[in-house]
Amino acid sequence: MTLEEKLSFVHWSYHTSDESAKVYLPGVPRLGIPEMRATDGPAGITIHRPSLALPAPVALASTFDDGLARSYGAVMGREGRAFGQDVVFAPMVNSIRVPYAGRNFETFSEDPLVTSRMAAAEIKGIQSQGLIAATKHYAANNQEKNRFSVNVNVDEQTLRERELPGFESAVAAGTGSMMCAYNKVNGQPACGSDELLNKVLKEQWKFRGWVTSDWLATQSTDALTKGLDQELGIELDHEPAPGEPIPGGKFFGDALKAAIRAGQIPESALDEAVTRIVSQMARFRLLDEDPPARPARDLAGGLKVARQVAEDGAVLLRNEGAALPLTTETAADIAVIGPTAKVPKVTGLGSSYIVPDAASAPLDTIRERAGAGSTVRYSTGEETVGVPVPQSALSAPRPSGEVFPAGEGGVLYDGTITVPATGNYRIAARAQGGNAYVELDGQEPFGAGLVYGDVSSRPMRLTAGTHKLRITGAALAKSPMTFELTWVTPQAAQEAIDRAVSIARTARTAVVFAYDDGSEDGDRTSLSLPGRQDDLISAVAAVNPRTVVVLNTGSSLTMPWLRKTAAVLTMWYPGQAGAEATTALLFGDADPGGRLTQTFPADERQTPFAGNPRRYPGVDDQLDYSEGIYSGYRWYEQQGAQPLFSFGYGLSYTSFDYRDLKVTAAADGGLDVSFTLRNTGTRTGKEVPQVYVGPSPHVRVAQAKRALAAYGKVELRPGESRRLALRVERRALQNWDSGAHAWVTGPGRQVMVGPSLGRLPLRATAP
């Protein structure tokens, strides 16, 4: 290749005329190397609209089912190939460290074993279809707040035990690419860290794929010598028109060419990067004279997997008096409440946002399942859009209708908004044909438009009087942008609650759908449900003791209303088959098969980050992982703090009994753990038996009181017993010794088995 040809591989380009190839490499036609295209994930293929919306990855992880994870990946792989893509930026395997983190729904777990197994299985599924998986975001990218600039200070043991296992597992599973993160790690850019990229990833783990940066995460030209192979992202000040020339990479374009010609960067570093990329193209047969034909979409097959994941990943958190499943009697008169009952919450927001082929409303599927003899009434309960902000409340003309012609952008509004009374408001925005950003009183703006759903709204408490309001935006190159600004006043919000309470009071059962909006670009500011939803649930439960709450949420949350309700079912963001899955679970046509992969705190004051801004969100762009290895459930165990729901928790519509534990040493240094599991209930149900190990008395580094070491998934008929065998791998019996820079094995650990961290009836000491 010529120097110019080699450079064309190390920075992604950007199509303006082909929507299916927004991000691509041009290839080298004279050498028979074709164009290569990439798309975002990780809950479906985002480049094509519409496409199949799979349940959020956190729902997939909650299934604790490696086989289902592989099927999930295969669906995404086939979709990507069918839509003309060659690479998908997925899966995301960063640890759930911060409960507020906006992208927790895009990843798997606070536990490294769950993350590792899910990542490996999904990658194998994606790549079985010929689509290259680009695992992200390497490493320590655990929050959205200040993600572009924050430096993560983390000790070696914590990094190795908590954050890196998912990435190491991805390498072992054969991921073709790795995406590095925006943040710095111990003072070095993650996309320019010789320690992380060269020494750990490429030398120690023997990674043979290529490393690409997150969008505009490349920090320097010499990052090429520090392990970064490819730059993603082009600095643009506007949406380019079709055919408009696109600049090359900021650091790996002309700047890299000049550095190589000046002898500042060895051309051999470029050769290695290009070799890594082209080798993966060859591995996936993209260079074949007769490359594999692209498959047709299999929407029916994909929907089947999507529904199974939604059902098996749903977590039943509460079920007092067997409120669920609904019976003929309790379903005879149902009050369905909540905006996501009528407009389904399918997916999270940001780069992973999917426009589904179709998605039924839970209200409709509940009505159909309840049958003609039942009464099903609906009330929104929580207004999310409201009415146009009156011009009298604004200091400048309200932006409305077409605000920008195609390809243009700027400031939509820069003035004030005056509220008549102190209270909880919702400011809502609808942007079509572009993106808009709404900023109030200098707070972090919220987005509206392409990747933020039909309408975006942010609840906020405003004092009576005048507030600074600024709105900016930009239209797409091919279409003008329209915009509407609305609000929900405290009075309107209370009226919506009152209407919902009115229908709930006389209903036999009230089903309240609650939601949040997990999103890239922003963390949650509270673990409460947004808006007035906590008030809504409390008010409904006060008049109807058979109140069932269905959560369309992306991460843990507090529940001040929990003990007032009869049942709580977490569906996460359930994908486009979510309504059917939810209804099947409510009526008992399926058993809730999910278990929590993250701890739900009892109170916001009871988390590792309460009162410690150095841990989150950081101070002066310095973030300390000072909790060390004690993140997630390990912190609660160390502190003796009682969470609202423990890691691994989840109820079934049946019951199970654990008996006769036996632990023996395996030849490879692991453990073989066997026990008898019996379904003691009257229904067929699914259980997730979990094996935990305690600290070794022979290891002199920090150790968790209990750590997940193995798990399985089993379905049993009423009265059925089965002898189960689970393998604890050697790595689960090891800890990282930072002084020795190596894993050390500790014998003599206690082994505990049960349905969750909070209930472990079987115990033995490992040999």
Side-chain angles (χ1 to χ4, degrees), residues 55 59-60 62-65 68 307-332 334 336 362 365-366 368-371 374 508-513 545-552 559 562-563 565-572 574 577-597 600 645-646 648-659 676-690 711-722 724 754-756 758-759 761:
L60 173 64
S62 297
T63 69
F64 281 80
D65 188 329
L68 201 49
R307 177 166 172 173
Q308 187 178 356
V309 172
E311 291 176 359
D312 278 19
V315 184
L316 183 62
L317 296 175
R318 181 175 172 85
N319 195 22
E320 294 299 298
L324 291 178
L326 297 175
T327 64
T328 302
E329 179 185 355
T330 56
I334 306 174
V336 179
T365 54
I366 289 171
E368 181 180 359
R369 178 62 177 81
S374 296
R508 184 72 179 89
T509 302
V511 181
V512 183
F513 283 76
R546 295 190 63 85
T547 294
V548 176
V549 178
V550 177
L551 295 171
N552 292 139
M559 303 180 192
L562 179 65
R563 298 190 183 281
T565 62
V568 179
L569 178 66
T570 296
M571 293 300 302
W572 312 107
E580 291 80 4
T582 301
T583 300
L585 291 164
L586 290 175
F587 284 85
D589 303 327
D591 188 60
R595 305 295 184 263
L596 293 181
T597 66
F600 278 41
F645 296 109
S646 63
Y649 178 83
L651 301 174
S652 169
Y653 289 149
T654 189
S655 55
F656 297 91
D657 178 67
Y658 289 73
R659 296 287 175 96
T676 299
L677 183 68
R678 180 171 178 263
N679 182 342
T680 56
T682 60
R683 299 173 58 96
T684 296
K686 296 176 181 178
E687 179 69 321
V688 179
Q690 300 159 42
Y711 60 84
K713 186 77 173 274
V714 62
E715 182 176 69
L716 297 177
R717 299 184 303 275
E720 182 182 3
S721 292
R722 191 176 303 174
L724 301 178
S756 74
R759 181 170 166 253

The side chain to side chain contact (heavy atoms under 4.5 Å, CB included) partners of Pro55 (sequence neighbours excluded) come to Ala59, Tyr72, Ala306, Val309, Ala310

Who passes side chain to side chain contact (heavy atoms under 4.5 Å, CB included) against Glu368, sequence neighbours left out? none

What residues, two or more places apart in sequence or in another chain, satisfy ring pair (Phe, Tyr, Trp, His ring centres under 6.0 Å) together with Phe587? none

Any residue meeting ring pair (Phe, Tyr, Trp, His ring centres under 6.0 Å) with Phe656, in chain and number order, not counting sequence neighbours: none

Residues in ring pair (Phe, Tyr, Trp, His ring centres under 6.0 Å) with Tyr653, at least two apart? none

Quick one: salt bridge (Lys or Arg N to Asp or Glu O under 4.0 Å) partners of Arg563, sequence neighbours excluded? none

Under the rule for salt bridge (Lys or Arg N to Asp or Glu O under 4.0 Å), what residues qualify as partners of Arg683, not counting sequence neighbours? none

The side chain to side chain donor-acceptor pair (under 3.5 Å) partners of Arg759 (sequence neighbours excluded) come to none

Please name all residues satisfying salt bridge (Lys or Arg N to Asp or Glu O under 4.0 Å) with Arg546, sequence neighbours left out, ordered by chain then number. none

Holding to salt bridge (Lys or Arg N to Asp or Glu O under 4.0 Å), I want the full list of residues that pass it with Arg659, two or more places apart in sequence or in another chain. Asp657

Going by side chain to side chain donor-acceptor pair (under 3.5 Å), name the pairs with one or both residues in residues 311-326, residues two or more places apart or in two chains. Arg307-Glu311, Asp312-Lys686

Quick one: ring pair (Phe, Tyr, Trp, His ring centres under 6.0 Å) partners of Phe513, sequence neighbours excluded? none

Scan side-chain atoms only and decide if Ser655 and Thr680 contain a donor-acceptor pair under the 3.5 Å cut-off. yes

